[in-house]
Amino acid sequence: MDTKPQSTLPVLVEPPRGAEPHAPLGRGYFLGETRRQQPLPMRESLAKIKNWFRANSLWVMAYGTGCGGIELRPLTTARFDFERFGMAMRPTARQSNVLIISGYLAVKSLKRVIRAYEQMPSPKWVVGLGSCTINGGMYWDSYNTINRLDLYLPVDIYIAGCMPRPEALLAGFGELMAMIKRGEANGWNHYLENFDWYKENQKKVINDWNMPDYNW
Amino acid sequence: MPLGVKIAWSLVGVLVAIAYGLVIAGIIRKVMARIQGRIGPPVWQQFIDLGKVIFQRTATRHGWMFYLAPIFRAGGGIGLYLLVPVVIGVPALSNFSFDGDLLLVMYFIFFGSLGMALGAADSGHPHSPIGISRGLSQMTAYELPFALAMVAMAAEVHSFSIHDIIMVQQGGILHWNILTNPLAAIAAFIAFLGMNMYAPFNIVGAPQEIPVGPPTEYNSVFLSLMMSGRAILAVAKIVLYMDLFLGGAHSILEAFVKTFIIYFWSVFVGAVFPRFRTEQAVRFFLGWPTVAGIAGVLLVLIR
Amino acid sequence: MEFQSVRDILDFAITKEQEAHDMYADLAGKVERPELQKTFREFAQMELGHRARLEKIKAGELPGFTDEAVENLKLSDFLLDVTPRPSMGYQDVILFAMKAEKRAHDLYVGLGKATQDARLRQVFKGLAQEELKHKHFFETEYDEFILEGN
Amino acid sequence: MTTETSELRRRVQLWFGPQHPGITGNMSVQAWLEGDTLTAGVTHVGYLHRGFEKLMERRRFIQSFPIVCRICVPEPDTNEYLLAAGLDELSGLAAEVPQRGRWIRTLVLEMSRLQMNLMTLGGHIGAMAMGAAPNWLIALRDLVLDRFEELTGGRIYHMFITYGGVRRDLPEGFAERMEANFRTIEEKLPLVDNVIFDSSVFRKRAIGVGVVPEEWVDEMSLSGPIVRAMGIPRDVRKDFPYEKYPELDFEVVTTTGSDIYARAWIRRQEIAQSMDLIRQIFRKMPEGPYCAKLPNMLTWTIPPGQTYVRAEATRGEMGYYVVTDGSDKIRRVHVRAPSYVHGVALLERMIPGTNIADLAPLMVSLQVCPPEMER
Amino acid sequence: MSVKHTLAPFSAWLQAFSKPFTLPDRHGYREGADRYRGWHINDTKTCIGCGSCAEICQNVAIDMVPVDDPVTGDSGLRPRVDYGRCCWCALCVDVCPSGSLGMSNEYIWVEADADAFRYIPGVDPKPWDSAEKGWRQEEGFDLVDHQRVPMPMLDPAERTRTWAEVVVGYSREEARREASRCVECGLCVAACPAHMHIPDYIAAIRDGDDIAALNIIYDNNAMPEMCGKVCTRRCEGVCSIGVQGEPLAIRWLKRYVTEQFDDLSDVVHAEVERVGEGKKIAIVGGGPSGVTVAYYLAIRGFDVTIYEALPQLGGATFFGIPKYRFPMPSLEKQVKLLTDSGVTIVTNHRVEKDEMRQLLRDHDAVFIGTGLMKPYGLRAPGEDLPGVMYALDMLRDHHIGKTIDVGKKVVVVGGGNVAIDASRVSLRLGAEVTIAYRRRKVDMPADEEEIEDAEAEGIKIVTQAIPLRVEQADGGRLDFIWGPAEMIQEEEGRRPRPKLIEGVENHMIVDRVIVAIGQGAEHSWMPEEIAEKIADKRGWITVDENGMTAYDGIFAGGDLVNSTADAISAIADGLRAVVGIQKYVGVLPASEDEGDEPVAIAT
């Protein structure tokens, strides 16, 4: 199981609005991973080692997008201390592996989140925090928020709650680590493979799309 | 010892030094966590981070200068390390000390940062040049007391060779430069605070202001190079301090204890203070640490 | 009347059931209301069913009489006797049937008492039980639907 | 764009946020630099806008309570209280709120102030990259959150104060456990004082930095610790007493200086004051019902009317302007959020001349709470 | 930079030597607080599926979904919670009328799939189903009003001296207050045989719009004032508020609305198409079912004629229900609306066999709603003695104005509403009344409220008394002899039957014995060929889902058909026949449902 089948995602958008990625997909600079191969036994054990390293050193992007940011403070500080598990906050997208979407996303925030996500180096993971990322939560009928995060970004794991307590976050990250070690957390690959679909969805809600179309 | 063997041993020493740098950083993270009331990450966390970073794919494209910067950084660290003898009498760890190496050392301490400056400016991220300008301002400031302390040491032994300086200090704790010339030592150790980028002088990578300064754009292998460069640079610097002020080391254990104490000094201060503003830091170094450095030089000259 | 064997008794009982059937069929032709004609025809059919059951027991196809306890609501004990009339209503029809079954039951009980042979007595007891069952059927119907408000 | 600003824009432009550890939430400041000094700054909001005031117009009264507490994430209770107080007043239920209900409301408000101040105090020095004190203070704040969890069933969002009173009574032994937490907090606070108010570097960074001139107070309708740090004893709890504050014994904390240090000092004093008030509340609280008998919440209507209610949040005066039209929904709510004044108008005005390093401490000391600005 | 300010911060190092704040458990897991608001739990056995939780959830996180094994008597739905919406405000728990919903103190749920956070508490097994702790309802904080607005009533001592209505009725203020208790769950709509739009008209009452309320009521009830006064109100039995408090006074609210207007024709405006112009319908029997058919067909333009044997329409509600419960003006008001709608009413006219045949030929359809008019006899010795009378006859005679002599002491045999009515009428005629009933008081088919009222007025009830015979006593009085009964439970779920305990005889010297043991159909007027086809042995008539009998063109309804002997079921039968007749005469497509207005009948 590496990706959710496309069909389970509700199709939100009509045909793309035109703007094509500026480089054809698959010929980008670092797109080797989209050409997937049957892993050799040797590569598989190597992948295991890689995944072990990745799982035990999760660097979290320090971006509190919504209410959930408030519970990230106890999580990162003394009471719950997620550094015990090798996690750390990174203030720059270029060095982060985990993007926490802490609750609802206003459309304006979504644009920044997408930008940040695309700047993060692979492999990268998205953690959806709370009801809002799952199905809209409190803001299901708000005119300025998105309801389902997985239409716009590949979410690897959801933690239910509003807000999820730090303990729940720890459990969620524990599960994410386990998934990474098992090689199941492949949202980033899903993003690459369904890049056009995600881009269409994103452009559907973001009206002032003035970002370059990254081709990964 | 043939030169080839020595080079081989030195390369091993470089790897050991990187590992040691990572271990010491891990210990410091743990200690910092304790003072913050936390449990903290495992001591080997730095290794995992390094491994993780190596296994990352990069997604950035910049000019070639951008890619050179980590090499400058690592090169500066390795170069510095190779010049300072770690353990006297252990050929593998005594490195390439020669007459006049003290001058080269001072250059190498600069070297990495200068490379960084060139590369980081190429990244196009506004935080990088701001961080670099902050770093260079602070470096210029702390170089003054540091250089004065160096001059005092050199003047003391009438030699620019680190090996000579170590040799002068043999014969007991009372011969250590930290006691024979405390003023210069104070100047050097204050400068060390600035050099090691702990509070209150951590103005380069200040996340609250310019996250995270020069290395903002770096990731994957380049970041790993910078991490190991930083580790070995830190080791080289504390070894240098050990050689200059604490009489060098005759055994690995002694080296370990002395270097750890030196490193811990910066943490001891860093854990309890907030950060200076840039101009406050500059003003600080140009204040009484410089005076102490000058006094240290005068002390030697008078003696 | 003397009964020598179980067969005799069953033959007698079968005759009785047949008589009951004939009586109901006769009444069905006499009452005015079509819905009660249906009712009597239904009762007549029921008696035929009882007769068939007895014949099966006689032929050994059924094991005999079950010994299950039947509740006696004793409704027929204190209610009035009914004479069939063409204009009778449903209440009277049920009451009449109930009384008829009670009479049959009493007959078998009487015969059983008069018989010395324990085996034959057992058969009479069984037959009485059967009739009691039939009576119970009507009594519940009366209790449930006629005495609905009582 | 004036000539002056276009001139400024030729300088180095730097975005603080929205993804930036130095910004107190999801907002951004677009600034222009000259050396290390910011010459101009523009705040950008809208990253958190959810349209609460609109959402409330299509929800029944009781359904608005889960919403309002999201308006200020770190301190939800003031919002709950204000909506409850406004609707109490409009519906005439105010007279029926039992005394114990009012005491518990006051308790919740003070607990909320306590935890918020603990966190903000840590933020002051955290914004200057001193890691230890924020760690301790947030851990101490967690103790208060534990009590909140016990009392209200929720850690962050309490949804506890409703019209007519509160939703539950105090649990057994609540006051004792609270007292034990207070002892822990009081034990640690001297250490915090040492690293904040006695720290030479903090004093260097904070004293004389971020001074808000006194003339701006009425001009910009400032309130809260910003004003009290100028020596003006302005506090809604004293000026327009609500709930049980008139029966509590406390003085408005003031100091002079009007800089980051003074504001941090105000917060430090208010932590002690809140603990004192909570102890008083436990002593004075009577037994009895905690909530008035509520009508059927699914069909309740409130006669037409409008009111403005106010309360002292940790950030300043918070006010709700509530309009009802006789239906079962609110006609209009306007939230007067102190952060809007402090975080947009005041901050933009203070940015010119601020050092790049002082922006984060300045935002913390103005206690800018972005979700409250956007609602 | 003083020495103090340089050295003081170093005291922070003390913390490094004290215990860390970090919670010891490796995963930081702590049990949630005693009243933590965690995942939902639901006791599906006590849940009634009323949907109040879904109603109060501002996030639309709760859907009511059908479950496989619903407990009978509720909606068959259970709440399904979507944790992609929930905000854990626990309003659903606090509002839950049955108190079945709660929250556990568990709070960890991690999934990779966004669609997994949806489950039916109590049905889909979850680890926290049996959690002891967590947020529960608590006394002292109710989001719904459990207390009914008390209905003003005449004092029992007062009542027996007069024929005035016992129930006084709500004032406008009281009605609005009572109406605002409704949670609009709609369980009552399913329970009501006529599926009246109860929450809608209650909402209209709450909003003060009595005219709208009346029109909503008239959507599917043509005799609402009668229902408002005497309905058996199954709706209140299922009312969700009634689980923990007193059910909403639905009947009294309906009564309130209908009492507000003296002339209904001004107010009731049915908006339906007059599809039935030119079609003729005959209705035999002017009881509730007949009136219903007549009204709803008449407003659709049918030419409707009602044939009634008694001088007034209303059937059992006219001759059976005493005026202190259902005054004559109320009935007349409703009959007037019928007349105004264009219904031809022929009273004092008993249809006989030949006429029935003629009706069938002349009309497009015939509706039979003659009810159960024939009292069953006592069938005990002495039943034909003078002084033994039948309750139905007595009530009818009383209502059509005959003088009735009940003497000084009366025993009423039976325990149904008829028996109670006869008792209370006798009481008001000046007699001392005893009710003799074969079963226990809990088994009495009469309304509980009626029994209480009767007892309050001073009527004695002797239970488990089986009438044995009636004998002539001295002075023209009667000796009513009864035996005690024991109750035997034959089958689970059926009401127990009484069994005579032999050997004991109790005597009661009375002036009159009034028999109210039950009543049956009387079909002597019906042509044999029709009766043959449609009536069963008990005289009951079987109809199909359109209300039509086995005889083409004859529809039937009321007590004849449904045997529940209450007016609202008769009205429901009438509504069914209204649809059926329209389909039969071809003005309504046979396959399609008519929609929901104004005749809404759930299948």
Side-chain angles (χ1 to χ4, degrees), chain A residues 61-81 83 89-93 96 99-113 115-117 119-120 130-132 136-146 161-168, chain D residues 15 17-28 44-52 54-55 58-59 63 66-67 69-76 115-116 119 122-123 126 131-143 145-146 149 154-157 159 188 369-371 374-375:
Chain A
M61 170 106 163
Y63 184 15
T65 55
C67 328
I70 195 76
E71 285 289 39
L72 293 183
R73 283 185 215 187
L75 179 73
T76 53
T77 54
R79 196 84 186 287
F80 297 97
D81 186 25
E83 216 183 355
M89 282 288 186
R90 292 307 285 186
T92 166
S96 312
L99 179 58
I100 296 182
I101 305 300
S102 54
Y104 67 96
L105 275 183
V107 175
K108 194 170 174 181
S109 281
L110 174 69
K111 192 172 163 187
R112 276 71 182 171
V113 165
R115 188 85 199 250
Y117 179 74
Q119 287 183 0
M120 283 161 60
S131 302
C132 305
M138 300 230 30
Y139 315 109
W140 61 280
D141 59 344
S142 168
Y143 51 81
N144 197 38
T145 59
I146 57 155
C162 182
M163 292 315 311
R165 298 161 55 116
E167 292 97 320
Chain D
W15 279 83
Q19 186 272 114
H20 192 295
I23 299 291
T24 51
N26 195 353
M27 68 175 282
S28 62
H44 289 261
V45 294
Y47 300 100
L48 290 172
H49 181 67
R50 298 146 282 185
F52 274 160
K54 194 76 201 162
L55 294 186
R58 43 179 191 248
R59 277 157 169 79
Q63 294 179 331
I67 283 195
C69 51
R70 267 81 179 170
I71 286 182
C72 182
V73 186
E75 196 193 0
Q115 59 93 2
M116 178 71 165
M119 190 165 75
N135 267 283
W136 307 335
L137 284 165
I138 288 174
L140 295 177
R141 163 182 177 262
D142 236 68
L143 299 178
L145 294 188
D146 285 354
E149 183 188 327
R155 249 174 76 88
I156 299 295
Y157 294 134
M159 297 167 279
K188 292 289 177 193
C369 178
E374 323 221 355
R375 293 172 318 255

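Numbered from 1 within each chain, the chains take letters A, B, ... in sequence-line order.
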Practice problem: Under 4.5 Å, counting heavy-atom pairs only, tell me which of D:Val73, D:Ile156, D:Leu48 racks up the most with chain A. | Solution: D:Leu48

Practice problem: Check each atom of D:Pro370 against the heavy atoms of chain A and say whether the ones under 4.5 Å are side chain, backbone, both or neither. | Solution: neither

Exercise. Heavy-atom distances under 4.5 Å only: say whether D:Ile23 touches chain A with side chain, backbone, both or neither.
Key: neither

Exercise. Can you see which heavy atom on D:Tyr157 is nearest to which on D:Cys69, and at what distance?
Key: CE2-O, 3.6 Å

Self-check item: Among D:Arg141, D:His20, D:Glu374, D:Arg59, residue most engaged with chain A (heavy-atom pairs, under 4.5 Å)
Solution: D:Arg59

Quiz item: Checking D:Ser28 against chain A: side chain, backbone, both or neither under 4.5 Å from a heavy atom?
Solution: neither

Practice problem: Under 4.5 Å heavy-atom distance to chain D, tell me which part of A:Arg73 shows up: side chain, backbone, both or neither. | Solution: both

Practice problem: Under 4.5 Å heavy-atom distance to chain A, tell me which part of D:Leu143 shows up: side chain, backbone, both or neither. | Solution: both

Quiz item: Quick one: of A:Leu110, A:Asp141, A:Asn144, who has the most non-hydrogen atom pairs under 4.5 Å with chain D?
Solution: A:Asp141

Quiz item: Can you find a heavy atom in the side chain of D:Lys188 that is under 4.5 Å from one in the side chain of D:Leu137?
Solution: no

Quiz item: For chain D, which of A:Ala62, A:Pro91, A:Ala93, A:Ala116 has the most heavy-atom pairs under 4.5 Å?
Solution: A:Pro91

Exercise. Verify the ring-centre separation between A:Tyr139 and D:His49: is it less than 6.0 angstrom?
Key: no

Quiz item: Going by heavy atoms in the side chains, are A:Tyr63 and D:Asn26 under 4.5 Å from each other?
Solution: yes

Quiz prompt | Gap between atom CD of A:Gln119 and atom CD of D:Gln19 - 0.5 Å precision | solution = 8.5 Å

Quiz item: Nearest 0.5 Å, what's the CG-CZ distance between D:Leu145 and A:Arg79?
Solution: 8.5 Å

Practice problem: Could you go through the side-chain contact (heavy atoms from CB on, under 4.5 Å) check for A:Thr145 and A:Trp140 one step at a time? | Solution: CA-CA 8 Å; A:Thr145 59; A:Trp140 61 280; over 6 Å; no

Quiz item: Would a distance-only check, ignoring hydrogens and angles, find a side-chain to backbone donor-acceptor pair under 3.5 Å from D:Arg58 to D:Lys54?
Solution: no

Exercise. Below 4.5 Å from any heavy atom of chain A, which atoms of D:Arg50 appear? Answer side chain, backbone, both or neither.
Key: both

Exercise. Would you mind checking which part of A:Met61 comes under 4.5 Å of any heavy atom in chain D, side chain (CB onward), backbone (N, CA, C, O), both or neither?
Key: side chain

